[in-house]
Amino acid sequence: MTFGNNGDSVDYAAHMNPDQLAAATAQDGPVLVIAGAGSGKTRTIVFRVAWLIDQGIDPHAILLLTFTRKAAAEMLNRATLLMDGRASMVFGGTFHSVGYSLLRKYSSSIGIDRSFSIMDQRDIIDAIEQARKNLTPSISDLKSFPKAKTLYEILSRSVGSSIQIENIVEDRYPHFMDYTDDIVTVGNTYQDIKRQNNLLDYDDLLTQSVRLLEEDEELRFHISSNWRYLLVDEYQDTNRLQAGMVRMLATGHNNVMAVGDDSQSIYSFRGANFKNIIEFPDIFPGAKIIKLEENYRSTQPILNVTNQIIEVASSGYRKKLFTRQATGPLPLLARPFSEQDQSRIVTRLIMDSIKSGGSLKDIAVLFRAGFHSFELEAELARSGIPFAKYGGFKFVESQHIKDVLAYLKVSNNPRDLISWVRLLKMIPGVGEKTAIRIARNIADDYSSANLEQLQLKAKKQRESLSELFDIFLKVRNETLALPEKIEMVIKHYLPYLQANFDNYPKRLKDLEQLASMGATYPSIAEFLADVALEPPETGLQGESDFSQRITLSTFHSAKGLEWETVIIIWATEGKIPSPMAFNSPEDIEEERRLLYVATTRAKRNLVILAPQTVYDRRLGTIHVDLSRFFEQVSFDSFQRYMV
DNA sequence: CGAGCCTAGCTTTTT
DNA sequence: GCTAGGCTCG
């Protein structure tokens, strides 16, 4: 039973333009949909899901791959509203979460213990730091040797793009070329550490699941005959691994619909390559290509600006966005003197909008990097304007959360040395060295760890250790519900928290929140996986009505979203493009696309703010230019805003 | 080897 | 504002 104009079926033609309709109702076989910004991409996917089910396809045979789980949930939700509950039976998630599910079920066939834990950013850096310290003593002490974080960037880029470490270093990190061999060594040691500790990082979820599908032919056949219709959103942001995973999953049927926009490719730092979308027709011969060029989101004055930003970009699928919403206010461009002035203008614009009947949830302030909004956040707090912040540092990355999660991690995977070290270092008198020694001992033999053998000198330390071990055994074995286990852990952690953090009540609240989050999960493993793969956002402090906040977001986290009013702050050189992109023309082009993504989020009002000065702690107040990406935009595209 | 205290230096973007 | 790293002392 479906809803629709005639009461028996959705009237597809009435809700879509001819191109969207062609995509949504395409017959079997590979299809590439080039969907410009605001061209109804989501709508098309939603209708595609509905149409497939209407054709009698079993919802369980459809796999929807998206960039975030939120995006998948929203699409399936809309599809459910459109037709009926069958749409909610479609499996939707990220590449990483699909990889995780496959490995949880089948990893033993490639020799991976299914109780593996997923490392988050911090774990990865810790492990690489260990690998780094493991080098011939003197090398890691050198100031000029890359830091763990840089090493991770190099290693991960190599994995994601399938390019040798040697070439990555040569191309992008030529100043480290003397150390190429050592970097490779760190990479190998890091692999060893992960294997020994039964840990998988984000990249492993992809590489190992691809390996699983490659090596286990029977499984590959089983999986690809189960999911017979693949829908891949944001295809321009897939990397080689993800493209490979799609190819594996499509074995035998090639029913892949990839949707994306090469002009919005903004994840090259993790190996994404918009060439994937260019090469799609080569990988899937006979692919039908459909372009969606009518924009339903923004007014023509906004498109005038965004088209000028992107049209100088080289290569890609040519497309020209147009809209029928010819009229609307001209985008605003203002150059406040200072960052403080910029924040005051933002506040004033928000107040004005509220006065004229606007709603806070329709306003977003967007910026290149998480920390660009610090000053503004303070100003908004002073003015009493509630906000939710997306992107930047995460709640689960703060130390106290990581500490508590470490207890759960070791109970789930006792071989996780990284987490053991974290826990052991909390014992007074135990530092890095001792912690590693004890952790090795426990990880080798946790079932009957002989605490006496651990040679701790002080009695107090031995007591602390056996207490810690006690908690470990309890969390591991007792048939308590997850929230109770978390409570037990928090109780044990409390003295440490109290002794080490000045703002401990606030952090305790975070921990309570963590415990209540755990309530919705059946097991520790699933809870931990979710926390690593889809971490909750920060800045949602307070419980008040979510719909009554403005949104603060990084450009990246704004992808796929839209607002009536979009305010871009720090539209200056040194912020966008980021100085990190200066040494490579391709990186600069990516920054351009990033600004394009940000500006195309606006439906009716677009405001560009570019302070004239920036405070530098060394140089004092210095002048900064408007971002180079506005150079080619004609001045009469803007309304000038008097400060 | 651990801890405490100080300073410098600093931050892209995310699964 | 915050933490990674350096330095010194016990």
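The chains referred to below are lettered A, B, ... by the order of the sequence lines, with proteins before strands, and numbering in each begins at 1.
Taking 4.0 angstrom as the limit, A/Thr68 places none of its side-chain polar atoms (N or O) nearer than this to OP1 or OP2 of B/dT14. Using a 4.0 Å cut-off, no side-chain N or O of A/Ser578 falls inside it from OP1 or OP2 of B/dT13.
Taking 4.0 Å as the cut-off between side-chain N and carboxylate O, A/Asp262 and A/Lys275 do not count as a salt-bridged pair. Under 4.0 Å is where a charged nitrogen must lie from a carboxylate oxygen, and between A/Lys460 and A/Glu463 no such pair does. Salt bridge status for A/Lys409 with A/Asp123: present, with a side-chain N to carboxylate O gap under 4.0 Å. Ion pairing between a basic and an acidic side chain is recognised when a charged N comes within 4.0 Å of a carboxylate O; A/Arg628 and A/Glu573 show such pairing. A salt bridge does not link A/Asp510 to A/Arg507: none of the charged side-chain nitrogens sits closer than 4.0 Å to a carboxylate oxygen.
A donor-acceptor distance shorter than 3.5 angstrom exists from the side chain of A/Ser627 to the backbone of A/Ile576, with no hydrogens or angles considered.
Of all heavy-atom pairs spanning A/Ile154 and A/Ile168, the tightest one is CG2-CG2, 4.1 Å.
Atom C1' of nucleotide B/dT15 and atom CZ of A/Phe67 are separated by 7 Å, given to the nearest angstrom. Here the P atom of nucleotide B/dT13 and the CD atom of A/Glu397 are 10 Å apart, to the nearest Å. Rounded to whole Å, atom P of B/dT14 lies 14 Å from atom CD of A/Glu234. Nucleotide B/dT13 holds its P atom 15 Å from the CG atom of A/Asp587, rounded to whole Å. Between the NZ atom of A/Lys149 and the P atom of B/dC10 there is a distance of 12 Å, rounded to whole Å. At whole-Å resolution of the value, CD in A/Glu432 and P in C/dG6 are 14 Å apart. One atom, CZ of A/Arg593, and another, P of B/dT13, lie 18 Å apart when rounded to the nearest Å. Whole-Å rounding puts the A/Phe95 CZ to B/dT14 P distance at 19 Å.
When the side-chain hydrogen bond (donor to acceptor under 3.5 Å, both in side chains) test is applied to A/Glu234, the partners found at least two apart in sequence or on another chain are A/Lys41, A/Gln236.
Within 4.0 Å (heavy atoms only), A/Phe371 reaches sugar-phosphate atoms of the nucleic acid but no base atom. Using a 4.0 Å heavy-atom criterion, one finds that A/Tyr267 contacts the sugar-phosphate atoms exclusively. Within 4.0 Å (heavy atoms only), A/Pro579 reaches no atom of the nucleic acid at all.
A/Glu526 and A/Tyr521 share no side-chain donor-acceptor pair at under 3.5 Å. Residues A/Gln242 and A/Tyr235 bring no donor and acceptor atom of their side chains to less than 3.5 Å of each other.
By the 5.5 angstrom centroid cut-off and the 30-degree plane limit, A/Phe269 is classified as stacked against the base of B/dT13. The stacking criteria are not both satisfied for A/Phe555 over the base of B/dT13, which would need a centre-to-centre distance under 5.5 angstrom and an angle between ring planes under 30 degrees.
In DNA chain B, consecutive stretches of 3 or more Watson-Crick or G-U wobble pairs with both distances under 3.5 Å are given as paired ranges: B:1-9 with C:2-10.
In terms of position along DNA chain B, the nucleotide closest to A/Lys433 lies nearer the 5' end than the nucleotide closest to the other residue of the pair A/Lys433 and A/Leu533.
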Any protein N or O atoms within reach of nucleotides 1-5 of chain C? Criterion: under 3.5 Å, listing atom names and distances.
residue: C/dG1; atom: O6; partner: A/Arg617; partner atom: NH2; Å: 3.0

